[in-house]
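A short write-up of the structure that comes next.
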2 protein chains.
Amino acid sequence: MANHLALENQLCFRLYRLNKRMAKMYAPLLKSLNLTYPQYLVMLALWQSTSEGLSVKSLGETLELDSGTLSPLLKRMQTNGLVQRTRSEEDERTVLISLTESGIALKAQAIDIPLTLFGKTGLSESEFTQLTYLLDKLISTTANT
Amino acid sequence: MANHLALENQLCFRLYRLNKRMAKMYAPLLKSLNLTYPQYLVMLALWQSTSEGLSVKSLGETLELDSGTLSPLLKRMQTNGLVQRTRSEEDERTVLISLTESGIALKAQAIDIPLTLFGKTGLSESEFTQLTYLLDKLISTTANT
DNA sequence: CAAAAATAGATTGCACACAACTTAATTTTG
DNA sequence: CAAAATTAAGTTGTGTGCAATCTATTTTTG
C-alpha cells in the first residue's frame with residue numbers, strides 16, 4: 001500500500017532538490033567568473049554557436065526560456081560586458097546576441113568546470129550514461145510549453 | 001574527444017530542463033487547487049506531519065529551503081487559508097506551521113495527482129525505480145548547503 | 001495591395017530562491 | 001549568573017522564471 005502523496009515518493013521532488021543542489025555546487029566556481037548559473041547556460045550556448053551569434057528566439061528554444069526571462073538576463077550580461085545585441089538586418093524584429101572579446105575569452109576560464117563538477121558527483125561513467133539515458137527519455141515524453 | 005562544455009553533455013542542464021518541465025506539468029493540476037508548485041511541496045510535507053504541525057526550521061530542512069524563501073511563501077499560504085502560524089510555547093523563537101481545516105480538506109483533491117503525473121511520464125515501473133536510485137545516489141553525494 | 005494574422009522581443013506583475021543582514025530568544029561559557 | 005555565542009524567523013536586495021500583455025515588424029490572406 002504505497003502512500004502516493006508522501007514527499008519521499010515524488011520523482012519531481014528529487015529533481016527539484018537535485019537541481020537546486022547542482023546550482024549551489026556550480027555557484028562558487030561561477031562566482032569567480034562573475035556568472036550566475038542561468039548566465040552560464042547562456043554562455044555554453046553562445047560558445048558553441050557561430051560568430052554571428054544567436055537570436056533571442058533560438059536561445060530561448062535551446063534553453064527553454066522565454067523572452068520574459070531572457071530579455072532582462074541578457075541585458076545584465078551586456079552590462080557585464082559579455083554579450084552584444086544587434087538588430088538583424090534581414091528581419092528587424094530579430095535581435096542577435098553575440099559574444100564580446102571578453103565573453104569569448106571567458107571560455108578558457110570555464111573549460112575545467114564540467115570535469116570538476118563531474119568529479120564531485122561521485123558517479124561512475126556507466127552510472128552517468130544510464131542517468132543521462134533515463135533523463136533524456138523523460139525529457140522526450142514530457143512535452144515542452 | 002568529448003566537448004565537455006557542450007550544452008548537450010551537461011547533466012546539470014538535463015536536470016534544469018526537466019525540473020522546469022515537471023513544474024509546468026503540475027501547474028494546471030495545481031492551479032485548480034489554487035497552489036503553486038513550491039506550495040504543493042509544503043502541503044505534502046504538512047499532510048504527512050502530526051497535527052501539531054512543523055516548525056519553519058524543520059520544513060526548511062525537509063524541503064531544503066531557507067527562511068528567506070519560506071517566510072513569505074507561508075505568509076501567502078496563510079492568506080489563502082491553508083495554514084496557521086503559532087509561536088511555540090517551549091521556545092518563543094520557533095513558529096509552528098499547521099494545517100487549517102481547509103488545508104486538511106485539500107488533501108482529498110490532491111490524492112490523484114501523483115498517479116496522474118506518473119502516467120504522463122511514460123516511464124515503466126522499473127525505469128522509475130532505476131531513476132530514483134540514481135537520483136538518490138547523486139543527492140547523497142552532493143552535499144547540502 | 002490593404003487588412004488581418006502571426007511573429008520577435010520587451011515589459012509588467014507575481015512568486016520563488018538565496019545571500020546577507022536584523023531581531024528576538026535561548027544556550028553556552030567564563 | 002552575566003556576557004558571548006548560537007539559534008529561529010523575518011527582512012532586504014538581486015536574479016531568475018513565467019503568464020499576460022504590448023509594440024513593432026513581417027507574413028498571410030481576402
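Values below: all heavy atoms of this structure, side chains included; hydrogens, waters and symmetry mates excluded.
Counting heavy atoms from C-beta outward, I139(B) and R17(A) have side chains that approach closer than 4.5 Å. For the pair T69(B) and L63(B), the minimum side-chain heavy-atom distance is 4.5 Å or more. You'll find the side chain of T121(B) reaches within 4.5 Å of the side chain of F118(B), heavy atoms only.
Residue L18(B) forms a side chain to side chain contact (heavy atoms under 4.5 Å, CB included) with just one option from L11(A), T142(A), N19(A), and that option is T142(A).
Rounding to whole angstrom units, CG of residue L70(A) and P of dA8(C) are separated by 13 Å. The distance between atom CG of N19(A) and atom C1' of dA17(C), rounded to the nearest whole Å, is 11 Å. Regarding Q78(A), its CD atom lies at a distance of 14 Å from the C1' atom of dG9(C), rounded to whole Å. In this structure, CZ of R87(A) is placed 13 Å from P of dA8(C), rounded to the nearest angstrom.
S55(A) meets the side-chain hydrogen bond (donor to acceptor under 3.5 Å, both in side chains) test with S58(A); sequence neighbours excluded. Scanning for salt bridge (Lys or Arg N to Asp or Glu O under 4.0 Å) contacts around K20(B) gives an empty result, with sequence neighbours left out. With sequence neighbours excluded, the residues satisfying side-chain hydrogen bond (donor to acceptor under 3.5 Å, both in side chains) with D136(B) are R14(A). Scored by the ring-ring contact (aromatic ring centres under 6.0 Å, His included) test, Y133(A) finds no partners at all (sequence neighbours excluded). Under the side-chain hydrogen bond (donor to acceptor under 3.5 Å, both in side chains) criterion, T50(B) pairs with E52(B), not counting sequence neighbours. Here K75(A) pairs with R85(A) under the side chain to side chain contact (heavy atoms under 4.5 Å, CB included) rule; sequence neighbours left out.
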Notebook entry, point to check: What string of B, S and - do you get for nucleotides 11-16 of chain C 5' to 3' if you count protein non-hydrogen atoms under 4.0 Å?
Noted result: B---SS
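Near DNA chain C, meaning a heavy atom under 4.0 Å away, the residues from residues 48-61 of chain A are S55(A), V56(A), K57(A).
Minimum heavy-atom separation, Q10(A) to L5(A): NE2-C, 3.6 Å.
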N/O donor to acceptor pairs below 3.5 angstrom from side-chain atoms of residues 35-42 of chain B, sequence neighbours left out:
| residue | atom | partner | partner atom | Å |
| --- | --- | --- | --- | --- |
| T36(B) | OG1 | Q39(B) | N | 3.3 |
| Y37(B) | OH | C12(A) | O | 3.3 |
| Q39(B) | OE1 | T36(B) | N | 3.3 |

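The salt bridge (Lys or Arg N to Asp or Glu O under 4.0 Å) analysis of residues 103-124 of chain B, with sequence neighbours excluded, yields no pairs.
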Filtered N/O pairs between nucleotides 21-26 of chain C and protein, under 3.5 Å:
| residue | atom | partner | partner atom | Å |
| --- | --- | --- | --- | --- |
| dT26(C) | OP1 | E92(B) | N | 3.0 |

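If you walk DNA chain D from 5' to 3' and mark each nucleotide with an atom closer than 4.0 Å to a heavy atom of chain A, the marks span dG15(D) to dT26(D).
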